[in-house]
Number of protein chains: 2
Amino acid sequence: MFSNSAKYAINAVLYLAIHSKGSEKILARDISGSISVPKAYIAKLLQELVRHDIISSERGPKGGFYLTEANRKVPMIQIVEMIDGEELFKSCVLGLAHCNEAKPCPLHEKISPYRWSLLTALEYNTIQDYADEISKNKSYLPQ
Amino acid sequence: MFSNSAKYAINAVLYLAIHSKGSEKILARDISGSISVPKAYIAKLLQELVRHDIISSERGPKGGFYLTEANRKVPMIQIVEMIDGEELFKSCVLGLAHCNEAKPCPLHEKISPYRWSLLTALEYNTIQDYADEISKNKSYLPQ
DNA sequence: TCCTAAATATGATTTTTATCATGTTTTTTA
DNA sequence: TAAAAAACATGATAAAAATCATATTTAGGA
């Protein structure tokens with residue numbers, strides 16, 4: 001479904017959302033440790049997330065990664081799209097170019113409502129929304 | 001979601017289901033052409049499908065690929081599992097080991113219906129079931 | 001102002017997936 | 001019984017994704 005990179009990025013961003021309060025910063029090393037992804041790998045992803053204004057960072061001693069209020073309002077879908085591209089939920093599951101409501105592929109009818117609801121869940125819920133659910137023990141991350 | 005190979009295999013098998021009536025055989029070349037996948041590639045996939053008793057073949061002149069009655073009763077899921085493995089629908093979308101109904105990951109609830117719809121559509125419908133839908137113009141393949 | 005701790009930039013390596021190529025075996029038909 | 005047409009087996013190459021490594025830049029603190 002998602003690439004490994006997309007999974008890691010989602011985990012990392014949610015970890016940040018929960019652990020960095022205000023301007024408190026989190027080290028790449030800590031994120032790496034807690035989501036069990038090699039530091040060099042997650043560091044690269046974090047840098048790309050910064051470039052896309054999905055998370056924030058500061059260099060030097062006392063530096064690290066954190067989320068601004070604006071970052072917390074970013075819809076989840078942006079993380080996925082940054083890494084796996086925009087076609088992930090939009091192109092036909094069988095790879096057929098013609099597939100649409102009028103000329104559906106053999107799987108289209110069976111899955112499209114559920115696919116659509118997943119897409120909207122990612123489009124209309126922000127990073128903060130997901131973090132809130134975790135805080136309320138409605139969902140869980142490792143640890 | 002599916003690998004390219006799995007998509008190609010589904011397309012190829014459905015093409016066979018529709019075009020090979022009875023013992024009439026279809027050439028790898030024809031399948032290749034109509035689903036726009038290089039012959040050498042689809043040929044390899046077809047051979048693996050034969051090894052797994054999902055489709056049938058005969059060598060030599062007048063040979064080709066076809067479906068027996070037994071083949072037509074094979075559930076669609078077998079094609080996907082042969083190629084992408086059984087974990088595809090079972091492991092957590094975020095890659096979290098603990099994730100289940102009791103301790104869901106942040107995306108679990110949103111994605112479950114989608115995954116479930118796809119899984120049941122593939123588990124409870126056979127190759128013939130899908131071919132019938134196409135014959136009745138309820139769904140479409142290329143061409 | 002110098003040292004150190006952090007992100008950043010860049011690119012190398014490895015692994016997996018996708019694609020291509022080629023020789024072998026089987027079977028039909030002349 | 002020989003030629004040709006097909007699948008089959010095997011492996012080579014290419015492209016993409018995942019992972020690892022290293023040098024550079026930035027900023028805080030002694």
Side-chain angles (χ1 to χ4, degrees), chain A residues 1-13 15-16 20 23-33 35-68 71 80 82-85 87-88 95, chain B residues 1-13 16 20 23-33 35-68 71 80 82-85 87-88 94-95:
Chain A
M1 173 108 239
F2 300 136
S3 65
N4 281 352
S5 291
K7 292 177 194 172
Y8 298 163
I10 293 172
N11 277 291
V13 171
Y15 180 90
L16 266 184
S20 124
S23 64
E24 191 183 335
K25 300 183 196 72
I26 307 286
L27 304 186
R29 181 200 324 141
D30 296 335
I31 298 175
S32 157
I35 69 174
S36 305
V37 176
K39 174 170 181 281
Y41 193 6
I42 199 68
K44 207 173 194 175
L45 283 174
L46 290 168
Q47 286 158 29
E48 214 183 327
L49 288 164
V50 170
R51 264 201 305 282
H52 284 79
D53 295 313
I54 295 171
I55 68 176
S56 302
S57 69
E58 211 148 292
R59 299 208 225 188
K62 301 279 172 182
F65 299 91
Y66 64 101
L67 297 178
T68 63
N71 292 151
V80 176
M82 183 193 91
I83 295 167
D84 289 342
E87 287 310 293
L88 185 60
Chain B
M1 179 98 237
F2 299 138
S3 65
N4 280 352
S5 291
K7 292 177 194 172
Y8 297 164
I10 292 173
N11 278 290
V13 171
L16 264 187
S20 123
S23 64
E24 192 183 336
K25 300 183 194 71
I26 307 286
L27 304 186
R29 181 199 322 140
D30 295 335
I31 299 175
S32 157
I35 68 175
S36 305
V37 176
K39 174 171 182 281
Y41 193 7
I42 199 68
K44 207 173 194 174
L45 283 173
L46 290 167
Q47 286 157 29
E48 214 182 328
L49 288 163
V50 171
R51 264 201 304 283
H52 284 79
D53 295 313
I54 295 172
I55 67 175
S56 303
S57 68
E58 212 147 291
R59 299 207 224 188
K62 302 279 175 180
F65 298 91
Y66 64 101
L67 297 178
T68 62
N71 292 151
V80 175
M82 182 193 91
I83 295 168
D84 290 341
E87 286 309 291
L88 185 61
L94 290 186

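Numbered from 1 within each chain, the chains take letters A, B, ... in sequence-line order.
- When the side-chain hydrogen bond (donor to acceptor under 3.5 Å, both in side chains) test is applied to B:Thr68, the partners found at least two apart in sequence or on another chain are B:Asn71.
- Each of A:Phe2 and A:Ala40 was assigned the nucleotide of DNA chain D with the nearest heavy atom; the assignment lying further toward the 5' end belongs to A:Phe2.
- Here the straight-line distance linking atom CD1 of A:Ile26 with atom CG of A:Leu16 works out to 6.5 Å at 0.5 Å rounding.
- You can see that DNA chain C meets the heavy atoms of chain B within a 4.0 Å-exclusive cut from C:dA18 to C:dT29, reading 5' to 3'.
- Between A:Ser3 and D:dA17, a side-chain N or O to OP1/OP2 separation shorter than 4.0 Å is absent.
- Under the rule for a side chain to side chain contact (heavy atoms under 4.5 Å, CB included), the partners of B:Glu24 that lie at least two apart in sequence or sit in another chain are B:Lys21.
- The list of side chain to side chain donor-acceptor pair (under 3.5 Å) pairs with a residue in residues 57-67 of chain A, not counting sequence neighbours, is empty.
- Contacts between residues 6-13 of chain A and DNA chain C, defined by a heavy-atom separation below 4.0 Å, involve no residue at all.
- For B:Ala12, the side chain to side chain contact (heavy atoms under 4.5 Å, CB included) criterion is met by B:Ile31, B:Ile35, B:Ile42, B:Leu46, not counting sequence neighbours.
- Residues meeting the side-chain hydrogen bond (donor to acceptor under 3.5 Å, both in side chains) test with A:Asp84, sequence neighbours left out: A:Ser3.
- Residue pairs meeting the ring-ring contact (aromatic ring centres under 6.0 Å, His included) criterion with at least one partner in residues 38-61 of chain A, sequence neighbours excluded, are A:Tyr8-A:Tyr41.
- Partner of B:Ile83 under the side-chain contact (heavy atoms from CB on, under 4.5 Å) criterion, out of B:Ile10, B:Leu45, B:Asn4: B:Leu45 alone.
- Here A:Tyr15 pairs with A:His19 under the ring pair (Phe, Tyr, Trp, His ring centres under 6.0 Å) rule; sequence neighbours left out.
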Problem set entry | Contact state string [nucleotides 5-11 of chain D, B base, S sugar-phosphate only, - no protein heavy atom under 4.0 Å] | BBBBBBB

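- Per the geometry, CG belonging to B:Asn4 stands 12 Å off C1' belonging to D:dA15, to the nearest Å.
- Partners of A:Ser32 by side-chain hydrogen bond (donor to acceptor under 3.5 Å, both in side chains), not counting sequence neighbours: none found.
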